[in-house]
Amino acid sequence: MSEDKDARPFAVYGTTLVSRLFIGTAQYPSPSVLSDALCASGAEVVTVSLRRESGASRAGEHFWTLIREQGLRVLPNTAGCRTVKEAVTTAQMAREVFETSWIKLEVIGEDDTLQPDVFGLVEAAGILSREGFQVFPYTTDDLVVAEKLLAAGCEVLMPWAAPIGSGRGLNNPYALRSLRGHFPDIPLIVDAGIGTPSHAVAAMEMGYDAILLNTAIAKAGDPVAMARAFALGVEAGRLAYLSQPMEPRDMAAPSTPMSGLAFRDTA
């Protein structure tokens with residue numbers, strides 16, 4: 001394998017990460033299960049919502065303490081925002097609360113699928129980039145939108161695999177492969193729609209840099225075991241990609257040498 005970006009450590013906005021699994025922190029049955037699942041996943045980055053913090057009751061204080069004790073890097077998100085103004089304001093507040101310039105930018109455009117409003121997303125990404133944010137945009141797998149997000153200042157892209165929380169896996173493998181092929185040097189993180197470790201493996205085998213998920217672990221019968229399964233799946237998919245898998249064939253090819261076979265007279 002040549003000495004290229006595939007052999008280098010995974011880095012986003014100048015931060016090198018060992019784990020290629022990003023974990024969401026919502027919907028877990030208890031704080032202790034969340035804590036154990038985070039440990040089992042080996043994740044270094046967790047996504048959190050500003051709504052976890054309540055200025056009046058400080059309802060999120062215990063959660064925030066848990067995250068700090070784990071020593072994890074926080075990626076705040078603008079989950080639920082549907083306008084540029086709302087997303088930008090939420091990001092600005094999150095920077096103050098969580099003391100980080102990282103922001104997972106969501107601008108939702110459709111209620112049933114939670115598909116991003118890509119027009120608002122590009123506009124908000126430009127505003128936040130100019131304000132010094134390091135933007136992780138939750139986007140579709142559209143190549144034109146990807147180009148505009150990069151031009152707006154994003155240095156990483158996070159295309160969906162399927163609608164948030166659907167667990168459907170890779171709805172459009174062709175589009176995801178095209179995105180990877182068009183942007184070989186841009187960190188690409190599959191965000192949303194992953195339901196099982198096999199889905200994560202498939203994305204990583206395409207050459208994606210990381211996986212971000214929440215529901216698939218939080219809503220599993222055993223979130224801790226599932227977190228470990230996803231950690232292994234991401235690692236397996238990455239190793240398979242780096243190992244340069246064999247190309248599929250239409251016809252059989254014997255794996256056992258034909259030489260040395262005993263002569264058989266068929267007459």
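- Under the 3.5 Å distance criterion, the side-chain polar atoms of Y13 are matched with a main-chain donor or acceptor of V135.
- Between A26 and A218 the shortest heavy-atom distance is O-CB, 3.4 Å.
- Within the model, atoms CG of D222 and CZ of R228 stand 13.5 Å from one another, a figure rounded to the nearest 0.5 Å.
- Here the shortest heavy-atom pairing between I217 and A37 reads CG2-CB, 4.4 Å.
- In this structure, F119 places its CZ atom where only 12 or fewer heavy-atom neighbours from other residues, nucleotides or ligands lie under 6.0 Å away.
- Side-chain contact between V12 and E155: absent, with no pair of heavy atoms (C-beta onward) separated by less than 4.5 Å.
- Judged by distance alone, with hydrogens and angles left aside, the side-chain atoms of S35 form no donor-acceptor pair with the main-chain N or O of P31 at under 3.5 Å.
- The backbone N or O of A162 sits nowhere less than 3.5 Å from a side-chain atom of R168 that would complete a donor-acceptor pair.
- A salt bridge is absent between R177 and D141: the closest approach of a Lys/Arg side-chain nitrogen to an acidic carboxylate oxygen does not fall below 4.0 angstrom.
- Among the candidates V234, L17, V46, the single residue satisfying the side chain to side chain contact (heavy atoms under 4.5 Å, CB included) test with F22 is L17.
- A heavy-atom distance below 4.5 Å is found between the side chains of F10 and I189.
- In this structure the side chain of F183 reaches within 4.5 angstrom of the side chain of E147, judged on heavy atoms.
- Considering every non-hydrogen atom in both L213 and I211, the closest pair reads CD2-CG2, 3.7 Å.
- In the hydrophobic clustering of this structure, W160 does not group with V107; members are Ile, Leu, Val, Met, Phe, Trp, Tyr whose side-chain heavy atoms approach within less than 4.5 Å, directly or through other members.
- L239 and V201 are members of different hydrophobic clusters when ILVMFWY side chains are connected at heavy-atom separations under 4.5 Å.
- What you find for A43 and L21 is that their closest heavy atoms are CB-O, 3.2 Å.
- Scanning all heavy atoms of the two residues, the minimum distance from T78 to A91 falls at CG2-N, 4.0 Å.
- Of the possible donor and acceptor atoms, none in the side chain of Q115 sits under 3.5 Å from a partner among the backbone N and O of T140.
- Distance alone, capped at 3.5 Å, places no donor-acceptor pair between the S41 side chain and the A231 backbone.
- Cluster membership check: F230 shares its hydrophobic cluster with L34, using side-chain heavy-atom separations under 4.5 Å among Ile, Leu, Val, Met, Phe, Trp and Tyr.
- Among residues two or more places apart in sequence or in another chain, the side-chain contact (heavy atoms from CB on, under 4.5 Å) test is passed with L114 by R82, I108, I164.
- Cluster annotation: Y138 and V156 are assigned to distinct hydrophobic clusters (Ile/Leu/Val/Met/Phe/Trp/Tyr, side-chain heavy-atom contacts under 4.5 Å, transitive).
- N214 places none of its side-chain heavy atoms less than 4.5 Å from the side chain of T25.
- Separating the OG1 atom in T139 from the CG atom in L188 is a distance of 11.0 Å, to the nearest 0.5 Å.
- For residues 90-105, the set of pairs meeting the salt bridge (charged side-chain N to carboxylate O under 4.0 Å, His left out) definition, not counting sequence neighbours, comprises K104-E106, K104-D191.
- Two different hydrophobic clusters hold L232 and M206 under the rule that ILVMFWY side chains link at heavy-atom gaps under 4.5 Å.
- Between S49 and F98 the shortest heavy-atom distance is O-CZ, 4.0 Å.
- M204 contributes atom CE, which lies 8.5 Å from atom CG of L242 (distance to the nearest 0.5 angstrom).
- The side-chain hydrogen bond (donor to acceptor under 3.5 Å, both in side chains) test applied to W102 returns Q134, not counting sequence neighbours.
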